[in-house]
2 protein chains.
Amino acid sequence: MSQQRQGSTPGDAGVVPAFPDLPEATIARLPEYLRALHHLAETGAETVSSEGLAAAAGVNSAKLRKDLSHLGSYGTRGVGYDVTLLIDQVEYILGLDKNRAVCLVGVGNLGHALAGYAGFASRGFRVVALFDADQGKVGDTVNGLVVRHIDELPQVAAEESIAIGVIATPPGSAQAVADVLVAAGVTSILNFAPGVLSVPPNVDVRKVDLAIELQILSFHEHRKASLTALPGGRSAPAGNQEAVGS
Amino acid sequence: MSQQRQGSTPGDAGVVPAFPDLPEATIARLPEYLRALHHLAETGAETVSSEGLAAAAGVNSAKLRKDLSHLGSYGTRGVGYDVTLLIDQVEYILGLDKNRAVCLVGVGNLGHALAGYAGFASRGFRVVALFDADQGKVGDTVNGLVVRHIDELPQVAAEESIAIGVIATPPGSAQAVADVLVAAGVTSILNFAPGVLSVPPNVDVRKVDLAIELQILSFHEHRKASLTALPGGRSAPAGNQEAVGS
DNA sequence: CGCGATTTGTGCACGCCTTCACAAGCGCCT
DNA sequence: AGGCGCTTGTGAAGGCGTGCACAAATCGCG
Ligand SMILES: NC(=O)c1ccc[n+]([C@@H]2O[C@H](COP(=O)([O-])OP(=O)(O)OC[C@H]3O[C@@H](n4cnc5c(N)ncnc54)[C@H](O)[C@@H]3O)[C@@H](O)[C@H]2O)c1
Ligand SMILES: NC(=O)c1ccc[n+]([C@@H]2O[C@H](COP(=O)([O-])OP(=O)(O)OC[C@H]3O[C@@H](n4cnc5c(N)ncnc54)[C@H](O)[C@@H]3O)[C@@H](O)[C@H]2O)c1
């Protein structure tokens with residue numbers, strides 16, 4: 001099924017297999033597995049069973065095994081998965097061994113928080129530049145980085161080989177910023193501004209919209225309320241996430 | 001993620017139509033439709049075609065029609081959808097007519113930004129309380145709200161009928177905070193801390209993990225790079241989102 | 001009053017994803 | 001050496017979501 005060659009035994013030097021094409025749903029879960037794996041590694045575990053890792057990541061164990069099987073056979077039957085080996089594999093697949101350069105546009109309320117977020121660096125990303133259009137903010141230092149004017153973006157992006165851009169500007173400016181990023185060669189965008197961005201097909205956009213998340217929760221509140229209010233009176237369950245804590 | 005069905009059909013007249021059980025995928029798109037509808041309403045449009053609304057929301061028109069058909073028939077063939085009517089319907093379904101009370105736990109870097117976010121109020125939510133465990137922060141005023149100690153959460157939650165809680169604490173505290181929220185009667189949680197929360201089945205949890213989003217983008221960067229580098233040399237497209245701008 | 005243009009609502013087929021269930025493989029213990 | 005228990009990897013089935021294509025419905029106009 002997988003057209004890729006799998007390295008035989010650990011110890012095989014950094015030879016990388018052909019790039020497998022993973023299902024999108026699997027890709028979205030790999031980061032969660034990776035986080036759980038790092039946690040396990042810190043506690044000294046050398047191997048994990050699919051059951052254990054699945055619990056730590058909050059998913060079904062069968063799903064986890066199928067996901068991992070897409071990367072190749074990195075488990076040992078009767079034993080489990082080698083934690084360190086699996087971490088390396090997942091990080092390789094996700095391209096995290098490159099320590100990717102990221103730039104942030106819009107150093108306002110939210111941008112300030114993002115610029116100071118330690119979770120970037122610890123998970124394989126380097127924020128290398130901050131941009132804003134407000135001259136009052138240009139020149140400020142945030143978390144050791146100087147805020148530059150957005151007009152400098154193309155030059156800086158080229159110098160630093162920035163492939164990922166984060167948009168934290170007001171919605172009205174988001175499309176314009178996206179256009180600047182795309183023109184500068186950025187091929188991945190994480191957008192915090194509500195609204196739909198229009199970009200060329202070779203550019204990937206992911207959106208984080210806080211209000212949407214809350215509205216989805218609001219819907220479920222509404223649903224739960226209408227259920228308990230109805231004759232049945234059953235407080236019907238609606239499980240969402242469950243797993244063992246640390 | 002998860003949810004459950006159970007669409008009882010109360011034949012007797014409630015104040016409102018029977019609560020439809022919508023596909024989870026549809027629910028996730030309704031907020032985007034709503035945002036697009038509000039935008040249209042501001043520009044003075046009275047009706048929209050499925051094609052027009054779909055473009056504004058960045059989705060396929062057939063998908064949009066099917067989504068809306070689940071709420072009932074609120075369109076007019078040959079004409080389109082009445083913008084105002086549809087806004088009311090979607091807002092009702094999402095439970096946004098309740099102006100839901102939200103509390104925020106963890107007034108740090110990120111919490112500060114969230115507390116000052118205007119996008120909450122404008123989309124049907126009221127941040128009514130801020131909590132932190134750090135005595136150095138308790139008493140501070142952020143965006144007109146006083147930061148309270150987390151020990152006061154149960155009392156405040158009851159007084160204000162808080163059903164939705166937002167967690168913006170470090171990962172190590174997230175589960176403990178979730179437990180406090182659940183004990184206080186909160187039944188929906190939006191979690192910004194990486195990791196899996198364990199909650200009772202009647203509590204809904206949604207997670208926003210910035211690093212995961214970046215890692216997914218990183219994967220696609222990796223994939224795109226390996227494609228262009230390989231013999232085939234085909235720069236295969238990988239569209240993600242696309243739609244016309246405003 | 002009827003007709004054509006337009007747009008909704010949906011039946012249907014297809015593909016992706018999830019989940020079950022189990023054979024194959026591996027290590028350990030006797 | 002052999003058997004036994006444990007765990008992976010995967011075939012198969014079922015469910016869900018998507019998108020096409022079209023009949024039904026409505027409006028405007030002659
Ligand atoms: N604050 C939050 O908690 C929060 C939460 C979710 C989403 N958002 C969204 O994130 C975005 C930013 O929110 P915020 O609260 O930080 O707003 P903000 O107004 O505090 O900051 C926006 C920043 O973007 C800069 N900017 C404006 N136009 C620009 C341009 N063309 N190029 C470069 N920089 C430009 C402004 O100078 C400002 O510094 C908004 O779209 C908002 O809806 C914010
Ligand atoms: N800053 C960001 O841009 C960002 C982005 C994505 C995710 N996150 C995540 O959001 C969370 C918060 O990030 P941050 O940068 O704001 O961290 P922070 O350290 O600046 O703030 C955390 C706050 O939580 C409070 N806190 C700690 N334990 C608590 C408890 N038990 N009860 C109540 N309050 C408690 C602390 O006093 C502090 O004020 C972290 O989990 C982080 O991984 C942050």
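Every chain is numbered from 1, with letters handed out A, B, ... down the list of sequences.
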For this session: Respond yes when some side-chain nitrogen or oxygen of Lys66(B) is under 4.0 Å from OP1 or OP2 of dT10(C), and no when none is.
Result: no
For this session: Could you tell me whether the phosphate oxygens of dG9(D), OP1 or OP2, come under 4.0 Å of any side-chain nitrogen or oxygen in Ser73(A)?
Result: yes
For this session: Please state how far atom CZ in Arg65(B) lies from atom P in dA24(D), giving the value in whole angstrom units.
Result: 16 Å
Seminar exercise, completed: Winner on side-chain proximity to Ala62(A), out of dT10(C), dT8(C), dT19(C), is dT19(C)
Exercise. For dC17(C), does OP1 or OP2 lie under 4.0 Å from any side-chain N or O of Asn60(A)?
Worked result: no
For this session: Measure the acute angle between the ring planes of Phe219(B) and Phe19(A), then classify it against the limits of 30° and 60° as parallel, tilted or perpendicular.
Result: tilted
For this session: Decide yes or no for Arg100(B) and Leu217(A): does some side-chain heavy atom of the first lie under 4.5 Å from some side-chain heavy atom of the second?
Result: no
For this session: Please state whether the phosphate of dG9(C), meaning OP1 or OP2, lies under 4.0 angstrom from any side-chain nitrogen or oxygen of Tyr81(B).
Result: yes
Problem set entry | Per Ala25(B) side chain, nearest of listed nucleotides dG17(D), dT18(C), dT26(D) | dG17(D)
Exercise. What integer distance in Å separates Asp67(B):CG from dC16(D):P?
Worked result: 16 Å
For this session: For Ser50(B) and Arg65(B), work out which heavy atoms get closest and say how close.
Result: OG-NH1, 3.0 Å
Seminar exercise, completed: Atom NZ of Lys63(B) and atom P of dG15(C) are separated, to the nearest Å, by 17 Å
Seminar exercise, completed: Here the distance between atom P of dC26(C) and atom CG of Asp82(A), to the nearest Å, is 15 Å
Problem set entry | Interatomic distance where OH belongs to Tyr74(B) and P belongs to dT26(D) [whole Å] | 16 Å
Exercise. Hey, does the side chain of Ser50(B) come within less than 4.0 Å of dT7(C)'s phosphate (OP1/OP2), counting only N and O?
Worked result: no
Exercise. Quick one: are Val196(B) and Glu32(A) in side-chain contact, heavy atoms under 4.5 Å?
Worked result: yes
For this session: Please state how far atom CG in Leu71(A) lies from atom C1' in dT10(D), giving the value in whole angstrom units.
Result: 15 Å
Exercise. Where is the tightest heavy-atom contact between Ala56(A) and Arg35(A), given as atom of each residue plus distance?
Worked result: O-NH2, 3.8 Å
For this session: Could you tell me the separation between the CD atom of Glu24(A) and the P atom of dC17(C), rounded to a whole number of Å?
Result: 8 Å
For this session: Establish whether the base of dT8(C) is bridged to the side chain of Arg77(B) by a donor-acceptor pair shorter than 3.5 Å.
Result: yes
Seminar exercise, completed: Comparing Gly78(A) with Pro23(A), nearest DNA chain C nucleotide closer to 5' gives the residue Pro23(A)
For this session: Specify the separation, in whole Å, of atom CG of Leu68(B) and atom P of dT10(C).
Result: 12 Å
